[in-house]
Chemist: 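Handing you this structure, nothing more for now.
Residues take their numbers from the sequence shown, with the count starting at 1. Quantities reported herein were computed from a predicted structural model and do not represent experimental measurements.
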Amino acid sequence: MHNNLVILAGGASSRMKKEAVLDNLSPEEIAQANERSKGLIGVGSSGRPLLDYLLLNAKKAGYKNIYIIIGEQGELFKEFYGSQNRNNDFHGLNISFAVQYIPEGRVKPFGTADALFQAVEQFPELNEQEYSVCNSDNLYSAAALLALRETTSPNAFISYDRDAMEFPLERISRFAIAKLDENNQLLDILEKPTAEDLEHYKDVDGRIRVSMNAFKFTGKTLYPHLKNCPVHPERDEKELPTVLLNSVKEHPNTTLGIPFSEHVPDLTAKEDISEVKAYLQKHYPVLNWEN
């Protein structure tokens with residue numbers, strides 16, 4: 001099993017920064033939502049960031065080396081998790097920082113695939129190893145993260161049961177859905193599915209499966225697809241699902257969808273803050289790093 005987890009935290013957080021009138025957030029929470037990377041918003045006990053809880057679950061799952069991809073203005077991460085660029089000790093986790101630089105001529109980062117490409121360029125040892133990748137603003141369970149470590153498939157992703165997600169239907173309907181064969185091998189990812197599409201994308205258990213950006217990759221085979229990832233025509237970004245599908249085309253039957261049925265707390269917009277706080281109070285009343 002591999003010990004490397006790469007956490008995507010270099011995005012612009014543009015949806016979180018949108019204006020919202022909410023009477024259940026304090027001025028401090030609103031200020032953090034407008035100024036911080038989403039994973040650093042203080043939704044936990046004693047105002048600790050959501051990222052603490054993701055790191056806790058990563059430790060429980062057995063990860064040792066954590067690579068956090070931050071933006072060019074991401075110095076606040078180092079105040080929480082270590083001042084050095086490499087090899088900070090945080091509760092027994094070895095934390096390093098990669099920086100996602102914005103290319104000249106752009107005002108926003110170039111997407112998740114660009115973030116991972118810049119990270120493996122800065123930490124080339126990952127290209128000779130296996131590693132997992134996930135978002136900084138989602139709280140994946142220790143069980144899901146462990147499943148990514150345990151799988152023997154060259155590439156994999158957590159294939160979530162859409163009906164287990166505790167989001168409003170309007171939000172769920174925007175999720176891209178995965179098409180899997182009878183062995184749960186990835187065949188396709190469909191963005192903006194219609195109601196008619198859903199019938200054709202059910203898996204062998206009759207479930208609609210979605211990705212929440214929790215992946216396992218083999219560095220050596222993924223690297224050329226990261227390097228040559230095309231730009232998404234609508235969003236003008238380079239995205240990991242594109243990389244994954246291009247890898248599948250070249251290497252069929254190498255990308256397993258690992259079925260999971262559970263909710264994944266998500267900090268996308270200000271409206272999510274109070275819900276994530278309530279979730280953490282219920283499921284993580286204390287942060288226990290010892291077990």
Chemist: Mind listing the closest non-hydrogen atom pair of Asp181 and Asn183 along with its distance?
Modeler: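 In terms of heavy atoms, the two residues are closest at OD1-N, 2.8 Å.
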Chemist: Under a 4.0 Å N-O cut-off, is there an ion pair linking Asp137 with Lys38?
Modeler: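 Counted as a salt bridge, because a side-chain N and a carboxylate O are separated by less than 4.0 Å.
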Chemist: About how many Å separate OG of Ser45 and OH of Tyr284, when rounded to the nearest 0.5 Å?
Modeler: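 Going from the OH atom of Tyr284 to the OG atom of Ser45 covers 12.0 Å.
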Chemist: State whether Glu191 and Arg235 are salt-bridged, where the test is any N-O pair (Lys NZ or Arg NE/NH1/NH2 against Asp/Glu carboxylate O) under 4.0 Å.
Modeler: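 Looking at Glu191 and Arg235, the cut-off is met.
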Chemist: Flag the pair Tyr67 / Ile7 as yes when at least one side-chain heavy-atom distance between them is below 4.5 Å, and no otherwise.
Modeler: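 SC-SC contact between Tyr67 and Ile7 ruled out.
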Chemist: With under 30° as parallel and over 60° as perpendicular, where do the rings of Phe175 and Phe167 fit, or are they tilted in between?
Modeler: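 The rings of Phe175 and Phe167 stand perpendicular, inter-plane angle above 60°.
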Chemist: Quick one: CG on Asp161 to CG on Asp163, what's the gap to the nearest 0.5 Å?
Modeler: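 Separation between the atoms: 5.0 Å.
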Chemist: Taking atom types as modelled and ignoring hydrogens, do the side chains of Arg149 and Asn3 form a donor-acceptor contact shorter than 3.5 angstrom?
Modeler: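 Present: a donor and an acceptor within the cut-off.
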Chemist: Do Leu55 and Tyr81 come within less than 4.5 Å of each other through their side chains, counting heavy atoms only?
Modeler: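 Of all side-chain heavy-atom pairs linking Tyr81 with Leu55, at least one is under 4.5 Å.
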Chemist: Set out, in order, the CA-CA distance, both residues' side-chain angles and the distance that settles side-chain hydrogen bond (donor to acceptor under 3.5 Å, both in side chains) for Lys64 and Asn4, then state yes or no.
Modeler: CA-CA 6 Å; Lys64 305 294 185 188; Asn4 308 308; over 6 Å; no
Chemist: Answer yes or no: is there an ion pair linking Lys277 with Asp272, defined by an N-O contact shorter than 4.0 Å?
Modeler: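 No, Lys277 and Asp272 are not salt-bridged.
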Chemist: Where is the tightest heavy-atom contact between Ala61 and Leu145, given as atom of each residue plus distance?
Modeler: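 Shortest heavy-atom separation between Ala61 and Leu145 comes out as CB-CB, 3.8 Å.
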Chemist: Show the nearest heavy-atom pair for residues Ala214 and Tyr140, with the distance to one decimal.
Modeler: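 Taking Ala214 first and Tyr140 second, the nearest heavy atoms are CB-CE2, 3.7 Å.
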Chemist: Is there a side-chain hydrogen bond (donor to acceptor under 3.5 Å, both in side chains) between Thr255 and Gln185 once you walk through the steps?
Modeler: CA-CA 6 Å; Thr255 302; Gln185 288 290 327; 5.6 Å; no
Chemist: Going from CG on Leu244 to OG on Ser211, what distance comes out if it is rounded to the nearest 0.5 angstrom?
Modeler: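 The OG atom of Ser211 is 8.0 Å from CG of Leu244, to the nearest 0.5 Å.
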Chemist: Evaluate Asp236 against Lys108 for salt bridge (charged side-chain N to carboxylate O under 4.0 Å, His left out), listing each step before the verdict.
Modeler: CA-CA 10 Å; Asp236 190 32; Lys108 291 173 59 177; over 6 Å; no
Chemist: Do Tyr223 and Glu128 have side-chain N/O donor and acceptor atoms under 3.5 Å apart?
Modeler: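 Their side chains do not contain a donor-acceptor pair, so the 3.5 Å distance test is not met.
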Chemist: Which pair of non-hydrogen atoms, one from Glu271 and one from Ala20, has the smallest distance, and what is that distance?
Modeler: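 Heavy-atom minimum between the residues: OE2-CB, 3.7 Å.
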Chemist: Apply side-chain contact (heavy atoms from CB on, under 4.5 Å) to the pair Leu56 and Lys60, showing each step before the final yes or no.
Modeler: CA-CA 6 Å; Leu56 175 67; Lys60 288 180 178 178; 4.1 Å; yes
Chemist: List the steps and the verdict of side-chain hydrogen bond (donor to acceptor under 3.5 Å, both in side chains) for Lys78 and Asn88.
Modeler: CA-CA 9 Å; Lys78 295 184 177 181; Asn88 298 281; over 6 Å; no
Chemist: I'd like to know if the side chain of Lys179 reaches the main chain of Leu186, judged simply by a donor and an acceptor atom lying under 3.5 Å from each other, with no hydrogens or angles considered.
Modeler: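 Absent.
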Chemist: Run the side-chain contact (heavy atoms from CB on, under 4.5 Å) check on Glu29 and Lys270 step by step: do they pass?
Modeler: CA-CA 9 Å; Glu29 288 170 329; Lys270 289 185 175 72; over 6 Å; no
Chemist: Calculate, to the nearest 0.5 Å, the distance between atoms CG and OG belonging to Asp205 and Ser261 respectively.
Modeler: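 Interatomic distance, Asp205 CG to Ser261 OG, rounded to 0.5 Å: 10.5 Å.
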Chemist: Looking at CD of Gln32 and CG of Leu76, how far apart are the two atoms once the value is rounded to the nearest 0.5 Å?
Modeler: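 Gln32 atom CD to Leu76 atom CG measures 8.5 Å (nearest 0.5 Å).
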Chemist: Hey, what's the ring geometry for Phe215 with Phe157, parallel, tilted or perpendicular (30° and 60° as the breaks)?
Modeler: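 Tilted.
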Chemist: Please report the C-alpha distance between Glu125 and Gln129 in whole Å, then the side-chain angles of each, then the deciding distance to 0.1 Å, and finally whether the side-chain hydrogen bond (donor to acceptor under 3.5 Å, both in side chains) criterion is met.
Modeler: CA-CA 7 Å; Glu125 64 268 22; Gln129 302 177 42; 5.8 Å; no
Chemist: Just checking, is any N or O donor in the side chain of Asp188 or Tyr201 under 3.5 Å from an acceptor N or O on the other one?
Modeler: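 Yes, because at least one side-chain N or O of Asp188 sits under 3.5 Å from a partner of the opposite role on Tyr201.
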Chemist: Out of the candidates Tyr101, Phe110, Phe123, only one should pair with Gln118 under the side chain to side chain contact (heavy atoms under 4.5 Å, CB included) rule; please name it.
Modeler: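 One option only clears the test, and that one is Tyr101.
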Chemist: Taking the side chain as C-beta and beyond, is there a heavy-atom pair between Leu5 and Cys134 under 4.5 Å?
Modeler: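 They are in side-chain contact.
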Chemist: Determine, for Lys192 against Glu234, whether the closest basic-nitrogen to carboxylate-oxygen distance falls under 4.0 angstrom.
Modeler: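 Yes.
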Chemist: How long is the straight-line distance from CG of Leu240 back to CG of Leu226, given to the nearest 0.5 Å?
Modeler: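 Rounded to the nearest 0.5 Å, the CG-CG separation comes out at 6.5 Å.
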Chemist: If you define the side chain from C-beta out and look only at heavy atoms, does anything of Leu222 sit under 4.5 Å from Val243?
Modeler: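 When only atoms from C-beta onward are counted, Val243 and Leu222 do touch, with a gap below 4.5 Å.
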Chemist: In terms of hydrophobic clusters joined by side-chain contacts under 4.5 Å, are Tyr53 and Ile68 together?
Modeler: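 Yes, because Tyr53 and Ile68 connect within a single hydrophobic cluster, where side-chain heavy atoms sit under 4.5 Å apart.
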Chemist: Evaluate the side-chain proximity of Met16 to Leu267: yes if any heavy-atom separation is below 4.5 Å, no if none is.
Modeler: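 Sidechains of Met16 and Leu267: in contact.
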Chemist: Would you call the rings of Tyr63 and His2 parallel, tilted or perpendicular, where under 30° means parallel and over 60° means perpendicular?
Modeler: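 It falls in the perpendicular class, over 60°.
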Chemist: Tell me whether Arg207 is salt-bridged to Asp203, with the criterion being a basic N under 4.0 Å from an acidic carboxylate O.
Modeler: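 Here Arg207 does not pair with Asp203 in a salt bridge, since their nearest N and O are not under 4.0 Å apart.
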